[in-house]
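In what follows, a structure is listed as structure tokens, so that the remarks can point back to it.
Each residue takes its place number in the sequence, starting with 1.
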Amino acid sequence: MVILALTAACKKPEPAVQQAAEPAGTMTVRDSFQTPESVLYDAAGDQYLVSNINGNPAAKDGNGFISRVSPSGSVTMLKWIEGGKNGVTLNAPKGMGIRGDTLFVADIDEVRMFDRTSGRPVGSIRVPHATFLNDVSVGPDGAVWFTDSGLKPDFSSSGTDAVYHRDPRCGALHQVAHGTDLGRPNGILADSTGAVVVTFGSGEVYRVDLQGHRTAMAKPPHGQLDGVVRAADGSLVVSSWEDSSVVGMKTGDTMYMMMQKVETPADIGLDTRRKLLLIPVFNGNRIEIRPIAPAATAHGQ
């Protein structure tokens, strides 16, 4: 998530996107969420974890918390992990990832670690010079990837835009790529060869490998991109603040509209068991649980 006014610029012709009706079965969960930024499906626990910034996304105010929600939409514990309680430090939690029994949470300039079942803090990864750690993704090899969107507390550029990788074998931290040309990297999705990154500032989607080499992918028709997950059919699913939408991206320039009129859709998650998309509505203090619509076919022009 990034709150940032973008300057209008000349645009290339946009890929055509076929509109698709929203499927039946939409569920809205409201229960005192406070600036929910990310929803993560915990497959082992069969539950949803919701990170709540609870204030300014860049403020070290110690009041962030993480909620637990059942797949039926019931909030089982609003403040399961809470800053200032039980030895927990949590300021503005954003993206999350799970490896084994460890939950990783991006929190401004540290990635905090908690026990997946108890919520007990088990350490943190300090990231020198980071200013706005945003999303986390765990690769199939256990590597933890995360982004820094490069923002100061007043949301001006800090110049720390970066993509990081933490080696699963020795814990070494590696700044894979850095610089303002990364376009305010936000959502990240790790796989066996690197990671897919979506950007809030430039509206780009690109792949990055361990050597920092970037490969551009199709650019969605609307920007301010936040979250990214991969659907069962291999499509990338990306949320856009600019269009209040969620778009599916197939091979090449093929895209399809999945959901519309979801304001400020932040770091989306995916319930892989039930094929449900989990959408934190950042400014609406709620989460939307929606069946994934069948892929429509639309070819870029």
Check whether any side-chain N or O of Ser239 sits under 3.5 Å from a backbone N or O of Pro265 as a donor-acceptor pair, and report yes or no. yes
Side chain to side chain, Ser67 and Asn52, heavy atoms closer than 4.5 Å: yes
Would you say Phe114 and Phe104 make side-chain contact, with heavy atoms under 4.5 Å? no
Leu173 side chain near His165 side chain, heavy-atom distance below 4.5 Å: no
State, with a plain yes or no, whether a side-chain heavy atom of Phe33 is found less than 4.5 Å away from one of Val69. yes
Under the salt bridge (Lys or Arg N to Asp or Glu O under 4.0 Å) rule, what do Arg274 and Asp46 come out as? Steps first, then yes or no, please. CA-CA 10 Å; Arg274 299 168 185 83; Asp46 194 26; 2.8 Å; yes
For Val262 and Val281, work out which heavy atoms get closest and say how close. CG1-CG2, 4.1 Å
Would you call Met249 and Tyr256 a side-chain contact if the rule is heavy atoms closer than 4.5 Å? no
Fit a plane to each ring of Tyr164 and Phe146, take the angle between them on a 0 to 90° scale, and name the class: parallel (under 30°), tilted (30 to 60°) or perpendicular (over 60°). parallel
Note, Arg126 side chain near Val111 side chain (heavy atom, < 4.5 Å): no
Indicate whether any N or O donor in one side chain lies under 3.5 Å from an N or O acceptor in the other, for Gln224 and Ser240. no
Derivation and outcome, salt bridge (Lys or Arg N to Asp or Glu O under 4.0 Å), residues Lys60 and Asp107: CA-CA 9 Å; Lys60 293 187 176 182; Asp107 187 14; over 6 Å; no
Mark yes or no for whether Asp42, through its side chain, and Arg116, through its backbone, hold a donor-acceptor pair below 3.5 Å. no
Ser202 and Glu204: side chain donor to acceptor below 3.5 Å: yes
Could you walk me through whether Thr160 and Phe132 pass the side-chain contact (heavy atoms from CB on, under 4.5 Å) test, one step at a time? CA-CA 8 Å; Thr160 64; Phe132 203 94; 5.9 Å; no
Does one side chain, of Ser137 or Asp135, offer a donor that lies under 3.5 Å from an acceptor on the other? no
Report the residue from Asp243, Val197, Val205, Asn186 that forms a side chain to side chain contact (heavy atoms under 4.5 Å, CB included) with Leu225. Val205
Do the side-chain N and O atoms of Asn134 and Thr147 include a donor-acceptor pair separated by under 3.5 angstrom? no
Just wondering, do Val237 and Leu270 contact through their side chains at under 4.5 Å, heavy atoms? no
We want to know whether Ser74 and Ser72 form a side-chain donor-acceptor pair, criterion being a heavy-atom distance below 3.5 angstrom. no
Determine whether the side chains of Tyr48 and Asp271 contain a donor N or O and an acceptor N or O closer than 3.5 Å. yes
According to a 4.5 Å side-chain heavy-atom criterion applied to Ile, Leu, Val, Met, Phe, Trp and Tyr, with indirect links allowed, do Val196 and Val238 form part of one hydrophobic cluster? yes
Salt bridge (Lys or Arg N to Asp or Glu O under 4.0 Å) for Asp226 and Lys94? Distances and angles first, verdict last. CA-CA 11 Å; Asp226 197 316; Lys94 301 179 182 69; over 6 Å; no
Pro185 to Ser149 - nearest heavy-atom pair and separation: O-OG, 2.6 Å
Sub-4.5 Å side-chain heavy-atom contact between Tyr206 and Thr199: yes
Could you pull out all donor-acceptor pairs under 3.5 Å where a side-chain atom in residues 75-88 meets a protein atom, sequence neighbours excluded?
{"from": "Thr76", "atom 1": "OG1", "to": "Arg68", "atom 2": "O", "distance (Å)": "3.2"}

